[in-house]
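Everything on this sheet refers to the single structure shown next.
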Protein chains: 2
Amino acid sequence: MNLEQVAHRAKVSTATVSRVLNNASVVKTSTRARVIKAIEELKYHPNLHARTLAGGKSRTIGMIVSNMENPFFFDIYKTVESDAHAAGFEVVVANTDYRTEQLVSSIRLMIGRRVAGLAAVVSEMEPALIEELTDSNIPVVFYDVGAPRQNITNIRVNYRRGIDKVIDYLYSLGHRKLGFVGHHAMLGPINARVKPVLDAVASYPGLEVRTAADADTLEGGRLAARALLANGEQPTAIVCVNDIMAVGALRELREQGLRVPQDVSVTGFDNVKLSEFCYPALTTVHIPRDTIGHLICESLLAKSDKTAVADHEMVIDPEFVLRDSTGPAPGR
Amino acid sequence: MNLEQVAHRAKVSTATVSRVLNNASVVKTSTRARVIKAIEELKYHPNLHARTLAGGKSRTIGMIVSNMENPFFFDIYKTVESDAHAAGFEVVVANTDYRTEQLVSSIRLMIGRRVAGLAAVVSEMEPALIEELTDSNIPVVFYDVGAPRQNITNIRVNYRRGIDKVIDYLYSLGHRKLGFVGHHAMLGPINARVKPVLDAVASYPGLEVRTAADADTLEGGRLAARALLANGEQPTAIVCVNDIMAVGALRELREQGLRVPQDVSVTGFDNVKLSEFCYPALTTVHIPRDTIGHLICESLLAKSDKTAVADHEMVIDPEFVLRDSTGPAPGR
DNA sequence: GTGTGGGGTGATAGCGATTACATGACTCAT
DNA sequence: ATGAGTCATGTAATCGCTATCACCCCACAC
């Protein structure tokens with residue numbers, strides 16, 4: 001079923017059918033009606049591939065994320081999608097699972113699709129890939145990828161500010177031995193997340209930290225916490241790189257008969273919905289995923305419309321959220 | 001950057017470049033090397049739209065789900081994606097948020113994309129849409145959509161068997177007043193999920209059930225539980241349509257100072273990873289998302305390869321999972 | 001020497017849209 | 001009546017690729 005058949009049935013030219021399909025230029029009301037009738041009768045659905053090929057422009061934007069399983073990423077995606085839809089764009093997502101190989105093929109795929117814009121919300125990103133991307137001439141927005149770069153819009157969160165509030169709070173409660181639960185992908189944002197922790201820790205006298213890492217999942221958080229509790233002296237507080245892993249840690253502590261926060265305090269990061277529904281509710285740091293999503297979409301659409309929008313860097317400030325998973329260090 | 005430019009640079013015809021790209025027929029080693037060199041030098045990425053348009057076949061399969069936020073759907077998606085990748089296919093997902101309007105536009109979009117196959121893992125599905133889909137000649141697999149239909153492969157779960165085990169267990173523990181937490185989309189699978197509950201309840205003497213529904217989210221579960229506790233006699237057990245809502249219910253009970261399972265028992269459904277990480281860990285029913293995902297992909301790929309694969313119905317049996325959120329009815 | 005067959009490559013006709021550009025039919029002021 | 005200006009529509013080139021067919025060249029058998 002194609003344009004030509006519709007045109008034939010409506011006794012018009014393909015150009016006219018295209019016109020009514022795109023609401024472009026003027027078509028006589030009676031003609032339009034005939035065309036629409038033909039379209040419906042034939043159950044015609046325009047071929048998107050032919051469309052973008054002929055039109056030279058694609059109405060879809062691509063989004064690459066590290067781990068859709070983590071609601072942090074999903075929340076951003078959802079905002080982007082809703083904004084994109086409002087502007088008449090589709091969005092296709094790709095998951096990297098923190099694997100470079102997946103990232104590479106996802107990027108190639110997006111370039112192959114000639115997406116109107118690409119949002120990369122991933123931790124890992126090699127310079128060669130960035131180059132490949134910028135060469136492709138596709139508008140790109142990164143979230144939190146490594147150092148600032150020219151020709152790229154980068155949205156980042158001031159993790160240092162967030163983690164400072166956490167460490168400061170724990171310190172004031174008497175905690176001196178911290179455990180840090182991270183995940184294996186110790187690059188990009190994880191770096192952007194890990195380094196601030198180490199920096200913050202270093203600025204307090206007598207504060208120690210030990211790190212354990214695993215996958216960015218509930219199970220991973222549990223295993224990392226287990227590792228933390230197994231080797232060496234037990235920390236009085238466990239700081240987690242994100243809420244999901246913190247919930248995993250919570251589970252491990254419970255299993256080992258440790259009470260939170262009486263025996264061990266736990267903190268998360270992101271303020272994902274779940275952090276409020278787990279038990280005990282997590283003390284965490286709020287990262288405004290909706291703001292991030294809006295910024296991504298706005299920037300992408302602006303770039304794909306006009307040709308000259310300056311690339312820039314946007315920094316977002318996180319907020320401390322105090323809940324029930326933190327308390328005074330034991331014996332104090 | 002297109003085929004022609006690559007061909008020109010490698011001093012061959014476009015046909016030969018295409019041959020190299022597709023590993024089709026024989027190309028002299030030296031020629032292939034020249035072409036590959038040109039491709040790399042020009043940073044050429046084949047245009048996917050032109051490809052599928054010219055080739056007449058798309059290497060992507062579409063998947064429509066009701067609510068990606070619910071890990072139940074995500075788990076299925078993940079399996080499908082991984083199977084699809086293994087077979088050299090991409091998958092694009094669309095979210096309906098249980099809204100018919102979204103479903104319609106997603107289906108149209110998928111048809112427009114000329115996907116090689118479509119998996120519909122949604123609750124709502126009007127006959128007209130199903131017709132539109134079958135007319136489009138795209139291989140389709142449904143998960144749990146209404147009554148069995150011809151010309152459509154349908155994968156379904158024997159909810160009755162699952163819920164029977166739950167109700168039976170609660171009944172044996174002395175529970176007679178049940179609350180049921182569902183979600184607003186009371187169609188399709190929700191029907192497939194709700195009706196069995198009512199049927200099961202009806203088969204026990206003296207068993208009562210009251211229903212409350214809200215959104216399919218943590219928050220929704222909480223609100224539904226709140227409604228259940230507010231009106232009328234307090235149930236001794238709350239049966240939830242899925243784990244996510246159950247975790248929401250857990251939160252509400254805690255907030256109201258009710259202990260689980262001492263004061264109120266709670267059950268989930270799906271056996272999502274979270275059900276094991278929340279507190280208390282949920283008694284639930286396991287639905288094998290991986291099996292579902294495998295079946296979907298297998299069926300879709302089979303259909304898109306050969307032309308004559310019979311449509312059929314597959315029924316999956318769920319399993320009861322006993323954990324810590326259920327106990328004897330209070331005062332017994 | 002001539003026929004046969006196959007490996008390697010080029011020319012080119014689509015695929016299904018969009019989009020100049022051209023055209024034809026009217027209206028209307030001059 | 002005539003030329004200009006609109007409005008509505010048709011014609012056909014084009015997008016970037018795949019796939020068919022034709023072709024050339026050379027080895028090898030008879």
Side-chain angles (χ1 to χ4, degrees), chain A residues 1-36 38-39 42-60 88 90 108-116 136-138, chain B residues 1-36 38-39 42-60 88 108-109 111-116 136-138:
Chain A
M1 201 52 50
N2 60 17
L3 246 205
E4 203 176 331
Q5 300 177 44
V6 174
H8 184 253
R9 172 147 198 149
K11 301 200 189 311
V12 295
S13 72
T14 62
T16 300
V17 179
S18 177
R19 285 185 190 106
V20 345
L21 243 35
N22 297 290
N23 272 337
S25 91
V26 226
V27 178
K28 217 205 296 187
T29 318
S30 62
T31 311
R32 154 167 280 122
R34 256 195 0 264
V35 171
I36 289 179
I39 288 176
L42 295 176
K43 302 181 187 192
Y44 165 72
H45 297 267
N47 184 318
L48 220 70
H49 302 293
R51 254 183 162 174
T52 59
L53 183 57
K57 62 206 162 207
S58 129
R59 295 292 284 180
T60 101
E90 302 300 329
R108 301 253 163 90
L109 182 63
M110 294 301 181
I111 298 181
R113 284 212 176 101
R114 303 291 191 269
V115 291
S136 77
N137 214 23
I138 291 176
Chain B
M1 200 51 51
N2 60 18
L3 248 203
E4 202 175 333
Q5 300 177 44
V6 174
H8 184 253
R9 172 147 197 149
K11 299 200 191 312
V12 295
S13 71
T14 61
T16 298
V17 179
S18 176
R19 285 185 189 106
V20 171
L21 246 33
N22 297 289
N23 271 336
S25 90
V26 229
V27 179
K28 217 205 294 188
T29 318
S30 61
T31 311
R32 151 166 281 121
R34 252 190 8 258
V35 171
I36 289 178
I39 287 176
L42 295 176
K43 302 182 188 193
Y44 166 72
H45 297 268
N47 183 319
L48 219 68
H49 303 293
R51 256 183 166 181
T52 58
L53 183 58
K57 62 205 163 209
S58 130
R59 297 292 284 178
T60 101
R108 301 256 163 88
L109 183 63
I111 297 180
R113 283 213 176 101
R114 301 294 190 267
V115 291
S136 78
N137 214 22
I138 292 176

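Just so you know, these numbers use all the heavy atoms, side chains as well, and skip hydrogens, waters and symmetry mates.
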Item checked: Sub-4.5 Å side-chain heavy-atom contact between V115(B) and I138(B) ->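 In short, these two side chains touch, coming nearer than 4.5 Å.
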
Next item on the list: Compare all side-chain heavy atoms of R9(A) with those of L42(A) and state whether any distance is below 4.5 angstrom.
Entry: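 In contact.
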
Next item on the list: Please confirm whether the backbone N or O of R113(A) pairs with a side-chain atom of H49(B), one donor and one acceptor, at under 3.5 Å?
Entry: yes

Next item on the list: Answer yes or no: does atom CD of E4(A) have more than 12 heavy-atom neighbours from other residues, nucleotides or ligands under 6.0 Å?
Entry: no

Next item on the list: Could you run through nucleotides 9-20 of chain C and give me one letter per nucleotide, 5' to 3': B if any protein heavy atom sits under 4.0 Å from the base, S if only the sugar-phosphate is that close, - if neither?
Entry: BBBB-BBBBBBB

Check: Given R19(A), which of V17(A), L21(A), N22(A), T16(A) fulfils the side-chain contact (heavy atoms from CB on, under 4.5 Å) condition?
Finding: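 By the side-chain contact (heavy atoms from CB on, under 4.5 Å) criterion, R19(A) pairs with just one of V17(A), L21(A), N22(A), T16(A): T16(A).
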
